[in-house]
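Here's the structure we're looking at; comments come further down.
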Amino acid sequence: MANIKVTLPDGTSKEFPQGVTAREVAQSIGPGLAKAALAAKVDDRLVDLAAPIESSGALQLITPTSDEGLTIYRHSSAHLLAAAVLDLFPDAHPGIGPPTDTGFFYDFYREKPFTEDDLAKIEAKMQELAQADLPYERVYFPKEEGLKLFEQMGEFLKCELIEEKAEPVFSAYRTGKFLDFCRGPHIPSSGRIKAFKLLSVAGAHWKGDEKSHPMQRIYGTAFFSKKELDEYLNQLEEAKKRDHRRLGKELDLFSIQDEAGPGLIFWHPKGGIIRKEVEDFLRDELLRQGYQLVYTPHVARLDLWKTSGHLGFYRENMFAPIQLDDAEYQLKPMNCPFHILIYKDARRSYRELPVRLAEFGTVYRYERSGVMHGLLRVRGFTQDDAHIFATPETVEAEVAACVDFALLVLRTFGFDKFEVELSTWDPEDRAKYSGEPELWELAERTLESALKTRNMPYKRISGEAAFYGPKIDIKLVDALGRLWQLSTVQFDFFLPQRFGLEYVGADGHPHQPIMVHRALLGSVERFFGVLIEHYAGAFPVWLSPVQAIVLPISEKYVDYAWKVTEELREAKIRVQLDDRNEKLNARIRDAQLQRIPFMLVVGEREMNAEGVALRRRDTGDAGFRSVGEFKTWVRELIDTRANKW
RNA sequence: GCUGGCGUAGCUCAGCUGGUAGAGCAUCUGAUUUGUAAUCAGAGGGUCGGGGGUUCGAAUCCCUUCGCCAGCUCCA
């Protein structure tokens with residue numbers, strides 16, 4: 001038999017007989033590696049350890065340290081799940097079961113729903129099967145023969161997949177009683193699966209098509225070690241504790257009222273003060289950066305939305321029109337047409353461009369009933385919206401300035417990790433978009449160039465553009481490492497054209513301006529939700545609804561406590577006095593639960609020395625401060641919008 | 001919108017197979033005068049999400065409707 005040459009990642013190469021397996025190669029390098037290896041990569045193709053290698057090439061062993069290793073491991077865990085389910089519930093029919101970013105799932109068709117108890121049983125069965133160390137056996141079938149086999153087994157969903165996707169000879173994997181049509185690769189045997197947990201069962205649809213069979217999806221996660229699994233589970237717990245819906249209630253920030261309707265937000269006083277601070281900050285910054293503030297109505301004639309093209313491209317997201325007198329009126333889903341009308345209300349010269357119109361514009365969008373989610377997905381929300389009308393010469397600089405502005409704003413709120421996406425159109429699906437292909441390409445180039453000149457890394461995503469133009473989206477990474485899409489900068493040739501916008505150029509002739517739509521926070525509601533979760537309700541001082549609370553030790557010191565309260569209030573510090581007839585400990589506890597940054601305990605000593613005993617919500621007792629000293633310090637924290645102190 | 005689960009006092013929740021609603025916290029009143037995460041006692045508070053049905057009798061069973069939750073699908 002001929003020898004082949006296998007090149008390893010470190011550049012060395014070795015000769016092996018043809019048909020050698022990756023496992024054998026690993027063993028020749030070292031028993032440790034052979035034991036750790038899960039799969040292999042031969043010339044960029046992932047294969048099982050047991051797969052024979054037929055020709056010379058590069059070989060890389062996939063071990064638990066790589067993302068690919070984890071993905072394969074989780075995919076194999078999904079198979080283990082299916083094997084356990086089929087063992088316990090012969091009436092379940094497996095659909096698909098892929099790995100995901102955080103674990104894996106498997107979809108089943110079954111008449112009866114799985115219950116929480118079932119989940120525990122399935123997990124125990126998985127444990128048992130893992131201990132049995134079942135091999136993941138790769139088998140091949142000619143398509144027709146394989147189809148017949150799956151048909152006999154009654155696996156109609158698998159048959160459907162085989163019909164659609166299978167090669168003339170396809171591979172399948174057997175794990176215990178479970179046989180799955182699958183490309184692989186898989187780990188060698190189930191005994192490798194050490195740490196996993198089933199998390200939830202939820203509905204899904206066969207092939208994601210809501211008209212198709214309802215499926216039951218079992219979610220789980222798997223890690224190489226118990227420690228990593230526990231860390232992940234802890235993180236889920238932490239996320240639950242930070243849930244903005246829960247904190248919104250606990251901290252009395254906002255509510256959603258059954259009587260008013262889903263997806264409509266009520267900002268309570270404490271949420272309201274935070275919103276005011278956010279808006280004040282933004283308004284100051286907008287003015288500094290040459291924006292002009294405008295206000296526009298919430299409804300307008302339906303005809304306006306015909307002109308703008310929204311009726312054509314955005315209808316399913318809009319509230320139904322309102323019949324009024326002899327015309328129909330539309331609740332606005334976007335602010336752009338209104339800002340356009342303001343632009344159009346005067347003859348514009350190139351000298352006054354770019355015109356930057358900004359508004360906290362409240363819009364209403366129809367969302368399907370099952371998709372609303374706290375503050376993050378609602379039917380009525382306020383965008384920190386702006387539209388920039390620019391000449392072709394200045395538009396790129398405007399786009400770049402928007403990106404800088406967004407980063408400045410997000411950093412102020414303590415976010416420092418971002419991911420940038422350039423969303424472009426899908427030229428294959430032209431019906432979704434409006435405008436000429438040349439304009440789309442020019443727009444994309446402009447956005448791309450703005451990012452490149454800033455050395456900003458970004459991902460390009462096709463088919464994600466708005467109907468009127470491509471866009472740059474900035475996603476931020478929060479304290480728990482989760483990704484949120486907030487800022488967006490969108491390019492638009494289309495609306496200026498639809499509305500016949502003009503400016504008079506240096507040549508005395510009319511020209512068409514280019515429009516940039518941009519939102520930095522995205523929506524004030526969603527941003528608030530993200531902020532709550534990011535800070536876990538413990539807002540920085542400048543945003544805290546109550547910045548300090550004065551706690552007199554007993555009735556005797558209430559007068560002095562009032563004096564301190566008044567003095568701080570004079571300095572525009574949001575301060576409260578808690579003179580309830582409760583033990584100091586009880587009042588401290590309440591203040592802690594409300595995440596009030598500073599507690600000021602006052603008693604005999606403090607009164608005599610004209611100061612306070614400071615307690616911080618994060619580190620506890622911080623000793624004596626004079627009132628003046630405290631006041632100056634806090635004022636500075638507020639004025640600099642400090643995130644740490 | 002679809003699949004599954006859920007809806008009991010302001011909040012968190014208990015209430016077994018139908019017999020007429022309960023706890024803790026919060027609120028109010030009184031006592032206590034407090035030194036860094038819950039002082040004690042008493043009181044008030046619910047048409048059991050809404051509507052309809054089965055039954056002698058429904059928080060409990062059935063139908064319907066609204067809402068919430070986990071997903072699917074779609075988005076700031």
Side-chain angles (χ1 to χ4, degrees), chain A residues 105 107 109-110 112-116 199-219 243 245-246 249-250 252 255-263 314 316-317 333-335 361 363 365-385 464 466 471 473 475 484-488 490 517-527 529-530 551-558 579-594 599-606 613-617 619-623:
Chain A
F105 65 80
D107 282 351
Y109 177 77
R110 183 172 176 245
K112 267 177 68 181
F114 292 113
T115 64
E116 289 292 314
L199 298 172
S200 61
V201 50
H205 300 97
W206 178 233
K207 292 180 191 158
D209 176 1
E210 61 186 53
K211 288 182 205 78
S212 197
H213 310 285
M215 304 287 288
Q216 296 184 61
R217 176 169 298 180
I218 299 180
Y219 278 94
D243 190 313
R245 291 166 299 183
R246 173 186 177 145
K249 199 175 269 178
E250 282 173 15
D252 197 17
S255 65
I256 297 166
Q257 306 281 339
D258 276 13
E259 282 167 282
Y314 208 69
E316 68 270 28
N317 290 299
M334 291 191 189
N335 301 301
V363 297
R365 298 185 184 174
Y366 174 74
E367 296 286 358
R368 294 168 69 168
S369 65
V371 304
M372 259 83 71
H373 183 90
L375 292 172
L376 302 179
R377 189 81 182 269
V378 297
R379 282 185 174 157
F381 59 96
T382 302
Q383 295 179 302
D384 65 320
D385 209 357
E464 288 296 309
K471 57 180 183 171
D473 288 330
K475 300 192 171 185
W484 303 94
Q485 209 253 281
L486 298 168
S487 309
T488 178
Q490 313 184 343
H517 307 237
R518 55 92 294 187
L520 307 182
L521 307 179
S523 110
V524 181
E525 284 76 7
R526 175 178 285 184
F527 183 73
V530 174
L551 307 175
I553 281 179
S554 83
E555 230 166 50
K556 277 189 287 186
Y557 312 106
V558 170
D579 60 354
R580 283 176 306 160
N581 183 6
E582 293 286 347
K583 306 272 282 188
L584 178 63
N585 276 342
R587 286 175 289 154
I588 285 178
R589 180 168 192 275
D590 288 344
Q592 284 286 154
L593 291 175
Q594 286 300 305
M599 284 150 266
L600 310 175
V601 177
V602 297
E604 190 69 27
R605 296 197 290 271
E606 290 72 27
L614 176 65
R615 181 191 164 97
R616 301 166 54 118
R617 72 176 168 206
T619 53
D621 198 343

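Owing to the predicted nature of the structure, the values given are computational and were not obtained by experimental measurement.
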Practice task
Check whether the side chain of Arg377(A) and the base of rC74(B) form a donor-acceptor pair under 3.5 Å.
Solution key: yes

Exercise for the section: Sort out the partner of rG7(B) for me: Watson-Crick or G-U wobble, both distances under 3.5 Å, none otherwise. Expected result: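 The answer is rC66(B), by the H-bond criterion.
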
Categorize [X] for me: base, sugar-phosphate, or nothing, with a 4.0 angstrom heavy-atom threshold over every strand shown.
X         : answer
Ala586(A) : sugar-phosphate
Arg587(A) : nothing
Ala613(A) : base
Glu316(A) : nothing
Gly370(A) : base
Arg217(A) : sugar-phosphate

Let's see if you can work this out: which of [options] has an atom nearest to the side-chain heavy atoms of [X]?
X         : options                   : result
Val371(A) : rC72(B), rA38(B), rG35(B) : rC72(B)
Phe381(A) : rA76(B), rU36(B), rC72(B) : rA76(B)
Gln592(A) : rA70(B), rA76(B), rA37(B) : rA37(B)
Glu582(A) : rU39(B), rU34(B), rA37(B) : rU39(B)
Leu584(A) : rG67(B), rU33(B), rG35(B) : rG35(B)
Asn585(A) : rG35(B), rA76(B), rU36(B) : rU36(B)
Lys583(A) : rU34(B), rU36(B), rA76(B) : rU34(B)
Arg245(A) : rC74(B), rU33(B), rC69(B) : rC69(B)
Gln485(A) : rA76(B), rU34(B), rG1(B)  : rA76(B)

Practice task
Spell out, as yes or no, whether a donor-acceptor pair under 3.5 Å connects the side chain of Arg617(A) to the backbone of Gln594(A).
Solution key: no

Problem - Whole-angstrom distance between rC63(B) and rA58(B), as gauged at atom C1' - result: 15 Å

Less than 4.5 Å apart, side chain to side chain, heavy atoms only: is that true for [X] and [Y]?
X         : Y         : result
Leu520(A) : Phe527(A) : no
Leu593(A) : Glu250(A) : no
Leu600(A) : Leu614(A) : yes

Handout entry: Contact nearer the 5' end of RNA chain B, comparing Lys249(A) with Pro262(A)
Key = Lys249(A)

Practice task
For Pro552(A) and for Gly374(A), locate the closest nucleotide of RNA chain B by heavy-atom distance; then report the residue assigned to the nucleotide nearer the 5' terminus.
Solution key: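 First, find each residue's nearest nucleotide; the 5'-ward one identifies Pro552(A).
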
Exercise for the section: Send over the distance from Arg580(A) CZ to rG30(B) C1', rounded to a whole Å. Expected result: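 In whole Å, rG30(B) C1' and Arg580(A) CZ are 17 Å from each other.
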
Does [X] place a side-chain N or O at less than 4.0 Å from the phosphate oxygens OP1/OP2 of [N]?
X         : N       : result
Ser369(A) : rG1(B)  : yes
Lys471(A) : rA76(B) : yes
His205(A) : rG71(B) : no

Exercise for the section: Please indicate yes or no: is the ring centre of Tyr219(A) less than 5.5 Å from the centre of the six-membered base ring of rG71(B), with the two planes inclined by under 30 degrees? Expected result: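 Answer is no, no stack.
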
